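The structure appears right after this line, and notes come after that.
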Amino acid sequence: MTSGDVLVVTTTHDAEEKARELAGLVVRERLAACAQVYPVASVYWWDGEVQSGPEWRIDFKTRADLADRLTAFVREHHGYETPEVVAVPVVAGSDAYLAWVAAETAR
């Protein structure tokens with residue numbers, strides 16, 4: 001597996017418990033090898049004005065060929081009307097880690 005075959009897919013949630021629950025669901029479904037959950041301060045445009053508030057970011061490590069399935073799964077299990085789902089390619093990484101991501105995700 002090359003670095004271009006791996007993505008970091010990000011979403012956010014409004015509560016830590018919801019973020020951890022979604023992270024666990026995705027990893028159990030083997031749509032990501034792991035998920036990192038951490039607090040962020042978000043500023044965004046919504047309902048015609050600038051909004052801000054705390055959110056919990058989830059970064060999923062997954063294979064590029066699972067991006068569509070992961071995106072659909074997040075949309076289905078997320079409480080937001082328009083959840084963020086952004087995929088960023090991994091451009092470099094340790095061979096052992098990239099192989100682990102490949103081994104621990106759905107085939």
Side-chain angles (χ1 to χ4, degrees):
M1 172 161 276
T2 66
S3 58
D5 297 328
V6 175
L7 302 175
V8 176
V9 177
T10 299
T11 192
T12 56
H13 231 305
D14 59 357
E16 182 179 9
E17 182 180 319
K18 292 176 186 176
R20 289 185 182 278
E21 181 180 338
L22 181 58
L25 287 171
V26 168
V27 172
R28 272 191 288 286
E29 287 292 315
R30 307 300 289 264
L31 295 174
C34 72
Q36 295 166 318
V37 177
Y38 50 97
V40 296
S42 294
V43 178
Y44 51 95
W45 189 267
W46 190 253
D47 287 337
E49 62 185 20
V50 175
Q51 307 275 334
S52 65
E55 288 188 297
W56 291 84
R57 180 173 168 161
I58 311 166
D59 287 338
F60 298 105
K61 308 319 184 315
T62 192
R63 296 193 331 263
D65 64 322
L66 291 174
D68 290 341
R69 286 177 55 195
L70 177 54
T71 297
F73 189 90
V74 168
R75 279 190 187 136
E76 180 181 338
H77 292 88
H78 206 293
Y80 284 12
E81 180 181 333
T82 307
E84 169 189 10
V85 183
V86 176
V88 178
V90 173
V91 297
S94 81
D95 291 340
Y97 184 79
L98 299 176
W100 176 78
V101 170
E104 298 305 325
T105 50
R107 289 284 171 201

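Throughout, residue positions are numbered sequentially from 1 according to the sequence presented. Quick caveat, the model's predicted, so the values are computed rather than measured.
- For E55 and Y80, the side-chain atoms include at least one donor-acceptor pair closer than 3.5 Å.
- Both V90 and W100 are part of a single hydrophobic cluster, where members link through side-chain heavy atoms under 4.5 Å apart.
- Within 6.0 Å of the CZ atom in R69, the count of heavy atoms belonging to other residues, nucleotides or ligands does not exceed 12.
- For the side-chain contact (heavy atoms from CB on, under 4.5 Å) test with H78, the passing option among V85, T12, T11 is T11; the others fail.
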**Item:** Steps toward side chain to side chain contact (heavy atoms under 4.5 Å, CB included) verdict (V74, F60)
**Value:** CA-CA 11 Å; V74 168; F60 298 105; 4.3 Å; yes
**L70 vs V26, side chain to side chain contact (heavy atoms under 4.5 Å, CB included): CA-CA, chis, key distance, verdict** = CA-CA 8 Å; L70 177 54; V26 168; 3.4 Å; yes
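- Here the CZ-CG distance, from R20 to L25, works out to 14.0 Å after rounding to the nearest 0.5 Å.
- Between the side chain of R63 and the backbone N or O of A106 there is at least one donor-acceptor pair closer than 3.5 Å.
- By the criterion of side-chain heavy atoms lying less than 4.5 angstrom apart, applied directly or through intervening Ile, Leu, Val, Met, Phe, Trp or Tyr residues, V50 is not grouped with W46; the two fall into different hydrophobic clusters.
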**Request:** Let me see the working for W56 and V40 under side chain to side chain contact (heavy atoms under 4.5 Å, CB included), right down to the final yes or no.
**Result:** CA-CA 6 Å; W56 291 84; V40 296; over 6 Å; no
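- Between E104 atom CD and L31 atom CG the span is 13.5 Å, to the nearest 0.5 Å.
- Nearest heavy atoms, V27 versus A33: CG1-O, 4.1 Å.
- Note that the CD atom of E16 and the CD1 atom of I58 stand 10.5 Å from one another [nearest 0.5 Å].
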**Item:** side chain to side chain contact (heavy atoms under 4.5 Å, CB included) between E84 and Y44, worked out
**Value:** CA-CA 11 Å; E84 169 189 10; Y44 51 95; over 6 Å; no
